[in-house]
Amino acid sequence: MISIRNLSVDFDDFHLREVDLEVEAGDFFVLLGPTGAGKTVLLEAVTGIAPVTAGSIRISGKEITALPPEKRHAGIVYQDYALFPHLSVEENIRFGLKYMRQAGGAAGRHEQRDIEERFDFLAAELALHSLLHRMPETLSGGEMQRTALARALITDPEVLLLDEPLSALDPAFREEIRRMLKRLHADTGKTFLMVTHDFSEALSLGGRGAVINNGRIEQTGKIAEIFRKPTSPFVAGFVGMKNVLEAEFFESGTLARTGGLELRLASLEDRPAGPPSSGASGETVEHGFLAVRPEDIVLSTEPIRSSMRNSFTARVQAVIDRGMACEVLLGAGSTKLTAHVTRGSVLDLELHEGKEIWCSFKATAVHRF
Amino acid sequence: MEMMTAPEPEMLAQTLRDREVVKAIWLSISTAGAAAGLSFLFGTPLAYLLSRTSFPGKRVVESIIDLPIVIPHPVIGIAILSVAGRNHWLGALMQEAGIHIMGSVGGIITVLTFVGLPLYVNAAKAGFEAVGPRLERVSRTLGAPPAATFFRITFPLARRSMLVGIVMCIARAVSEFGAVVIVAYHPMIAPVLIFERYEAFGLKYSQPVAFWLIAVSLSLFLLLRTLTVREEKQGKRRPGGGPAGSELAGSGLS
């Protein structure tokens, strides 16, 4: 559907380098990355606004790298919605229709009746009927967003690009718009490419996705997969794995040593294979990273008998109240770990700075990359 | 105030019947209008370019555009004459084409365009800058080519600023004296006529002409003032201008 190959872009202060991305037809693809990673620039490269310095972009097999924005059939909804302030909601939505009728090819086949049907469908789907005569400045954030979505979708674009669709909204609206986006994606069957810096948005919306950092794609795959098995320290940190440690791996990768700790890992087939480095004869030593989610670490005052194969003592360095949960900073040897526990546990375990405590987690909770 | 009350009504009416006066004021207004028209024609693309692109030497270009605002007006007149003279290639070229700057209506319009253009360009540029580039980008992704994007998005949103620029340009051109008097003493525009009447007959005879010129200029400024006041009110609700420009565009100025 969208096929980006070896793309490099220099636009304003943003630079993309050798980006490869494959988005399948009908997918809800989420491009994840921190602010300033070049996400919006990638969208603008697809729409034709940001000039491409190298590489190619194809939509539905058609090479569009050299086409002007108006010939690409890629609709965009910006974070600030960019509604035309001098036009009413209806005029905003109908803005692009004029050019569909003029254009030849696929878009030109649409008859007036189809257009009116689509207008009614979108107005109903996005609950815009009562807003059609309002001016953009009188709308709420969610209403503006719905207008911008309708404006982009009515021209029947091949792909809809969404620039941080939820982050500018009031938290109360977010859930509503999230559900609406999901429904809209299902009902229109269009390919959505959304960028966001919020991993939880990606988890709740996306099918497949990619993580971008400093203008480069770090990892691509199913969102749930990226969440479970990050392949780089950056991605691990980005998806909320706090305990990212550099380690050496032994015994076919089932044993890891890091900062005075020995940790057991689940067997190899669950993990992506890392490149082996030359080690001693007989035993292969590999260097890499491992990560443990804070919520996977169980704290106890006594060693617990269970299937958890990693168990060691650590000293509490700080207890930070995070509202719903508490974050416990731990020191084990030279290794620093973060665990998430409930407020109740903090009281039960009498956690305080300097207290010695048992940390346990399963071998499968240790992620290697 | 003294200027407006000193001439007697009888004198004023009589001055209005003076064909020379009416001709001069009409020449002032029409050449100023022509200068504003030229500024609109050439200044609009220039202002758009300056607001949307950055290129090496952009500041130099902007400084050159602003130059007529800062240098003394007789100097502008002299500069134009030197370029338009027979000894200069541009002047020779213009003579060849039958365009005469010295002592002609064309010369007056050239001078007035020169002094009025910076005001229009700056106002229009500010107007274009206030229109978010994102709006233009969205318009393009919706299928609108660059020209359609300009006329459907940028122009309606910047229209008010452009109109203010036109009014400022006209007002500036109507009040020009120093540069015009050097390039074209004849045919006489109103400020030159006032100067001549004062020199030849004295204060009493120059005042009525001045009265009418002030009346015309003042009404222009009043219009400008109403426009900017409305702009401020609109701006609070609607950044980037609004659709109300249509009724103003019909006010006979442009």
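Note that the structure is predicted; figures quoted are calculated from it, not measured.
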(Q) Quick check on A:Phe29: does its CZ atom have over 12 non-hydrogen neighbours (other residues, nucleotides or ligands) under 6.0 Å away? (A) yes
Q: Sort out for me which of A:Glu70, A:Arg151, A:Lys71 touches chain B most, counting heavy-atom pairs under 4.5 Å.
A: A:Glu70
(Q) Is A:Leu161 in contact with chain B via its backbone, its side chain, both, or neither, using a 4.5 Å heavy-atom distance? (A) neither
Q. Does B:Arg152 make a cation-pi contact with A:Phe95 (under 6.0 Å, within 45 degrees of the axis)?
A. yes
**Q.** B:Ser139 portion near chain A, given a 4.5 angstrom heavy-atom threshold
**A.** both
**Q.** Under 4.5 Å from any heavy atom of chain A - which part of B:Pro133
**A.** neither
Q. Counting distance only, does the side-chain N/O of A:Gln145 pair as donor-acceptor with the main-chain N or O of A:Pro165 below 3.5 Å?
A. yes
Q: For the residue pair A:Phe192 and A:His185, categorise the inter-ring angle as parallel (less than 30°), tilted (30 to 60°) or perpendicular (more than 60°).
A: perpendicular
